[in-house]
Amino acid sequence: MLSPGEVKRVLTMATSLKARAMLSLAYGCGLRSSEVVRLRVGDIDREQKIIRIVQSKGRKDRYVMLPAAVLVLLRQWWKARPSADDAGVTRSSAGCFQVAVIIGH
């Protein structure tokens, strides 16, 4: 278990805003890495400050609390992120984090 100071150091050492947002979601909301990369904008309820995790472990949906500091970071990422992949995608179904898959030959 990391101390609060150690967690803060890990988050500040993140090399990009995207990495910092992903790590903050994982730690601050208790998300698994697979849940972070599958997160959609429509899964985030800004008003109630909760995130709906669809088809989590055991294929069950669950809800987690969204700390205000993590929401601020997500808003910063949403404004700064590349949006070229969003063409023809509705805002609520857009992924928060695009993950490139490289297939080797």
Side-chain angles (χ1 to χ4, degrees):
M1 169 135 328
L2 298 175
S3 72
E6 291 170 326
V7 171
K8 191 171 187 173
R9 277 197 308 265
V10 167
L11 294 177
T12 57
M13 288 175 32
T15 58
S16 68
L17 180 58
K18 178 180 181 178
R20 194 165 38 260
M22 293 176 86
L23 286 170
S24 294
L25 272 169
Y27 184 80
C29 301
L31 301 186
R32 296 171 182 91
S33 59
S34 62
E35 295 168 344
V36 171
V37 298
R38 286 186 291 135
L39 188 65
R40 301 278 177 238
V41 175
D43 298 335
I44 300 170
D45 185 335
R46 298 181 317 261
E47 300 300 320
Q48 294 185 16
K49 293 191 175 80
I50 58 173
I51 299 174
R52 178 177 181 224
I53 307 301
V54 180
Q55 297 288 302
S56 182
K57 189 174 181 179
R59 297 184 189 180
K60 297 178 182 175
D61 294 353
R62 67 185 178 109
Y63 291 89
V64 297
M65 299 302 296
L66 175 60
V70 176
L71 179 58
V72 168
L73 197 55
L74 283 174
R75 284 182 176 144
Q76 290 172 357
W77 165 245
W78 186 257
K79 290 177 184 176
R81 76 187 200 5
S83 58
D85 295 332
D86 289 347
V89 177
T90 62
R91 183 180 173 110
S92 64
S93 66
C96 292
F97 306 102
Q98 297 297 328
V99 179
V101 177
I102 301 172
I103 300 173
H105 295 284

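Below, each value reflects all heavy atoms present in this structure, side chains not excepted, and no hydrogens, waters or symmetry copies.
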Establish whether [X] and [Y] are linked, either directly or via other cluster members, by ILVMFWY side-chain heavy-atom contacts under 4.5 Å.
X   : Y   : value
V7  : L74 : no
I50 : V41 : no
M65 : Y63 : yes
V64 : M22 : yes
M13 : L23 : no

Which residue, L39, I44, V37, forms the side chain to side chain contact (heavy atoms under 4.5 Å, CB included) with L25? L39
Considering only heavy atoms from C-beta outward, does the side chain of R38 approach that of V54 to under 4.5 Å? no
R75 versus R46: any side-chain heavy-atom pair under 4.5 Å?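 With C-beta onward as the side chain, the pair touches.
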Atom [atom1] of [X] and atom [atom2] of [Y]: how far apart are they, to the nearest 0.5 Å?
X   : Y   : atom1 : atom2 : result
L73 : R20 : CG    : CZ    : 6.5 Å
S24 : L31 : OG    : CG    : 11.0 Å
L66 : D43 : CG    : CG    : 11.5 Å

Minimal non-hydrogen separation, G28 against P67, with atom names: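 That closest heavy-atom pairing would be O-CG, 3.7 Å.
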Provide the closest heavy-atom pair for L71 versus K49 in the form atom of the first, atom of the second, distance. CD2-CE, 4.4 Å
